[in-house]
Amino acid sequence: MLDPQLLRNDLQATADQLLIKGYALNVEKYSELEKRRKTLQVATEELQAERNSRSKNIGKVKSQGGDVDALLAEVAQFGDKLKAAQRELDEVQSELNELIEAIPNVPHASVPKGTSEDDNEEVSRWGEPSTLEFEAKDHVDLGEAIGGLDFAVATKITASRFVVMKGGLARMHRALTQFMLDTHGQDHGYQEVYVPYMANRHSLFGTGQLPKFAEDQFKTSLAADDPNQKEEQDQHGLYMIPTAEVTITNIVRDVILEQGELPLKMVAHTPCFRREAGSYGRDTRGMIRQHQFEKVELVQVVPAGDSYDALEQLTGHAEKILQLLNLPYRKVTLCGGDLGFAAAKTYDLEVWLPGQNTYREISSCSNFEAFQARRMLARVRNDKNKTDLVHTINGSGLAVGRTLVAVIENYQNGDGSITIPEVLRGYMGGLTLIE
RNA sequence: GGAGAGGUGGCAGAGCGGCUGAAUGCACUGGUCUUGAAAACCAGCAAGGGUGAAUAGCCCUUCGUGGGUUCAAAUCCCACCCUCUCCGCCA
């Protein structure tokens with residue numbers, strides 16, 4: 001959520017910046033609503049003040065044994081007037097809130113202009129895409145041949161976009177998770193946390209998934225199939241997390257931190273659940289886009305001034321995993337048009353996939369500045385004993401399913417076997433090959 | 001699942017229609033005292049929002065959440081959420 005003060009004082013400039021993100025803010029509508037809000041709020045609060053002082057006076061007179069009939073008659077009409085004013089204010093305020101809550105974050109000055117992923121800016125490359133002496137297969141062919149990936153049985157059990165892993169690949173998937181958690185926990189200074197895989201609507205609102213992206217989430221229903229309970233369900237149903245960002249970041253929701261507690265650096269491994277509602281035709285083959293996948297997530301909570309350093313640092317931590325696995329990748333800065341709703345700046349890490357002969361996203365590291373903090377009321381006490389909003393940064397370190405795909409495709413051998421990366425062998429009882 | 005108790009400021013804990021944004025204690029901050037520290041004493045100490053140039057002043061809101069009664073609600077009524085205790089069940 002943007003600072004309402006910013007919208008009031010710098011509306012046009014903010015609208016211009018949002019254009020970089022491809023978001024057209026309705027300036028007229030906003031100003032009009034804001035004007036009404038101001039008038040109504042001032043008027044309503046004046047009425048409240050008036051009512052309060054009169055009511056207090058009645059109490060005073062009464063306690064002194066005076067006659068309050070006249071005073072009561074005088075104040076009698078206030079109730080209705082106040083209620084009407086309040087109702088009108090509520091209407092305008094909720095309309096205004098709806099508008100503000102739907103406005104995306106403003107991109108940072110360093111974000112390149114552009115409308116699609118074609119305009120993303122490459123920052124760096126690491127490693128050389130391998131030149132195989134045979135024709136590269138993709139992970140589906142390799143995995144199915146080994147008997148380690150079974151999409152058909154997953155579809156039978158559940159639905160499309162799920163997978164069953166078996167044997168060495170299932171084990172390597174687990175090894176990757178352990179390796180990532182250990183590296184971030186021991187070498188990069190993150191506190192390992194275990195978090196719920198379901199979250200309430202307040203948490204999803206806090207990190208920005210709600211209300212705008214409800215159709216991307218899986219939601220549970222608590223009450224029975226009773227139409228009378230519909231509203232109940234909407235209020236209290238829980239969401240399967242689309243990313244651990246939701247549950248980790250919301251640890252600091254409604255919290256005032258002390259300066260000494262920052263920076264907070266946390267890492268968690270969780271499954272993630274996504275409806276993928278908007279991508280019916282895309283990546284239907286293989287493990288690239290699933291309804292359920294594992295991810296190791298990094299989150300930092302820092303003072304406002306430190307967040308861009310933290311973004312660089314956190315991105316470096318994710319890169320380190322790719323480097324240790326010896327997987328070629330490139331780092332890109334997302335352009336304005338490709339930037340997510342809540343992010344001010346995002347680096348994507350794209351790993352080389354020989355089977356697709358291209359780089360594919362495997363990590364996304366973003367600085368949200370105060371956008372999430374404002375929604376969550378996550379604050380830190382400053383030197384003047386006042387509260388400042390914190391900044392939040394997060395990134396995948398890494399998406400485990402896609403990392404498995406990358407390992408399968410980059411470590412494939414001519415006979416269809418997969419060499420196990422050295423750093424994983426300790427997690428796999430010393431095995432060197434899956435065949 | 002059954003029975004009961006309860007949700008008040010950073011914590012503990014009073015208040016059960018008006019002068020209560022909220023007693024008291026602890027914690028914290030500043031001061032006096034002291035060579036220094038402790039103790040003692042004095043003072044301060046919630047958040048969100050509006051107005052505003054203002055981190056000034058004034059005003060509004062908030063005692064789990066939402067609604068209701070009332071001129072007036074932390075206090076009364078209703079619904080929901082959450083926590084705890086006992087019994088049952090259970091990885």
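So that the names make sense, note that chain A is the first sequence line, chain B the second, and so on, each numbered from 1.
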Subject >> Nearest-Å distance for atom pair CG/P, residues A/Leu40 and B/rC60 >> reply: 18 Å
Original post:
Quick one: which of B/rU51, B/rG21, B/rU69 gets closest to the side chain of A/Glu34?
Top reply: B/rU51
Original post:
The side chain of A/Val42 lies closest to which of these nucleotides: B/rU51, B/rG48, B/rC59?
Top reply: B/rU51
**OP:** Report yes if a side-chain nitrogen or oxygen of A/Arg51 is closer than 4.0 Å to either non-bridging phosphate oxygen (OP1 or OP2) of B/rU61; otherwise report no.
**Re:** yes
Original post:
Atom CG of A/Asp80 to atom C1' of B/rC71: distance rounded to whole Å?
Top reply: 12 Å
Original post:
Does A/Lys38 place a side-chain N or O at less than 4.0 Å from the phosphate oxygens OP1/OP2 of B/rG52?
Top reply: yes
Original post:
Within the pair A/Lys81 and B/rC71, is there a side-chain N or O less than 4.0 Å away from OP1 or OP2?
Top reply: no
Original post:
Counting only heavy atoms not in A/Glu117, do more than 12 fall under 6.0 Å of its CD?
Top reply: no
Subject >> Separation of the C1' atoms in B/rU62 and B/rG21, to the nearest angstrom >> reply: 9 Å
Original post:
Does B/rC63 pair with anything, Watson-Crick or G-U wobble, both distances under 3.5 Å, and if so, with which nucleotide?
Top reply: none
Subject >> Length of the CG-P vector between A/Leu96 and B/rG49, whole Å >> reply: 14 Å
Subject >> Any donor-acceptor N or O pair under 3.5 Å, side chains A/His269, A/Glu294 >> reply: yes
Subject >> Heavy-atom neighbours of A/Lys320 NZ exceed 12 at 6.0 Å >> reply: no
Original post:
Taking any strand in view, what nucleotide pairs with B/rG88 in a Watson-Crick or G-U wobble way, both distances under 3.5 Å?
Top reply: none
**OP:** Rounded to whole angstrom, note down the C1' distance from B/rC71 over to B/rG66.
**Re:** 24 Å
Original post:
When you match A/Ala49 and A/Lys386 each to their closest nucleotide on RNA chain B, which lands nearer the 5' end?
Top reply: A/Lys386
Original post:
Which nucleotide in the list B/rG50, B/rG48, B/rG21 gets nearest to the side chain of A/Leu377?
Top reply: B/rG48
**OP:** Measure from CG on A/Leu82 to C1' on B/rC59 and round the result to the nearest Å.
**Re:** 14 Å
Original post:
Quick one: does A/Asp309's side chain have a donor or acceptor within less than 3.5 Å of a partner on A/Glu312's backbone?
Top reply: no
Original post:
Watson-Crick or G-U wobble partner for B/rA23, using a 3.5 Å limit on both distances?
Top reply: none
Subject >> P gap between B/rG9 and B/rA47, integer Å >> reply: 13 Å
Original post:
Between A/Val75 and A/Arg37, which is nearer to the 5' end of RNA chain B once each is assigned its nearest nucleotide?
Top reply: A/Arg37
**OP:** Specify the separation, in whole Å, of atom NZ of A/Lys60 and atom P of B/rC19.
**Re:** 10 Å
Subject >> Integer angstrom distance from the C1' of B/rU55 to that of B/rC42 >> reply: 27 Å
Subject >> B/rA22 and B/rC63, which share atom name P, separated by this distance in whole Å >> reply: 14 Å
Original post:
To the nearest Å, how far apart are A/Arg379 CZ and B/rG48 C1'?
Top reply: 8 Å
Original post:
B/rG64 and B/rA72: how far apart are their C1' atoms, nearest whole angstrom?
Top reply: 23 Å
Subject >> Pairing partner of B/rU35 (Watson-Crick or G-U wobble, both distances under 3.5 Å) >> reply: none
Original post:
Choosing from B/rG48, B/rC60, B/rC71, which nucleotide comes nearest the side chain of A/Ser55?
Top reply: B/rC71
Subject >> B/rA39 to B/rC33 separation - C1' atoms, rounded to the nearest Å >> reply: 11 Å
Original post:
Considering every strand shown, what is the Watson-Crick or G-U wobble mate of B/rC28 when both distances are under 3.5 Å?
Top reply: B/rG44
Subject >> Sidechain-backbone polar pair: A/Asn120 side chain, A/Cys335 backbone, donor-acceptor under 3.5 Å >> reply: yes
**OP:** Please state how far atom CG in A/Asp254 lies from atom P in B/rC81, giving the value in whole angstrom units.
**Re:** 20 Å
**OP:** Establish, yes or no, whether the cationic atom of A/Arg375 lies under 6.0 Å from the six-membered ring centre of A/Phe205 and within 45° of the ring axis.
**Re:** yes
Subject >> Residues A/Ser203 and A/Asn200: side-chain donor-acceptor under 3.5 angstrom >> reply: yes
**OP:** Any strand is fair game: report the nucleotide pairing with B/rC76 by Watson-Crick or G-U wobble, both distances under 3.5 Å, or none.
**Re:** B/rG68
Original post:
Does A/Asn52 have a side-chain nitrogen or oxygen under 4.0 Å from the phosphate oxygens OP1 or OP2 of B/rU61?
Top reply: yes
**OP:** Determine which nucleotide pairs with B/rA5, using a 3.5 Å limit on both distances of a Watson-Crick or G-U wobble pair.
**Re:** B/rU83
Original post:
Looking only at atom C1', what distance separates B/rA12 and B/rG18, rounded to whole Å?
Top reply: 28 Å
Original post:
Any side-chain N or O of A/Arg381 under 4.0 Å from OP1/OP2 of B/rA46?
Top reply: no
Original post:
What is the distance, rounded to the nearest whole Å, between atom NE2 of A/His202 and atom P of B/rG64?
Top reply: 16 Å
**OP:** For residues A/Glu91 and A/Glu88, determine if any side-chain heavy atom of one lies less than 4.5 Å from a side-chain heavy atom of the other.
**Re:** no
Original post:
So, is A/Gln41 close to the B/rC59 phosphate, meaning a side-chain N or O under 4.0 Å from OP1 or OP2?
Top reply: no
**OP:** Could you tell me whether the phosphate oxygens of B/rU51, OP1 or OP2, come under 4.0 Å of any side-chain nitrogen or oxygen in A/Arg8?
**Re:** yes
**OP:** Ignoring backbone atoms, test whether A/Thr387 places a side-chain nitrogen or oxygen under 4.0 Å from the OP1 or OP2 oxygen of B/rG48.
**Re:** yes
Subject >> Phosphate contact (B/rG49 OP1 or OP2) by A/Arg374 side-chain N/O below 4.0 Å >> reply: no
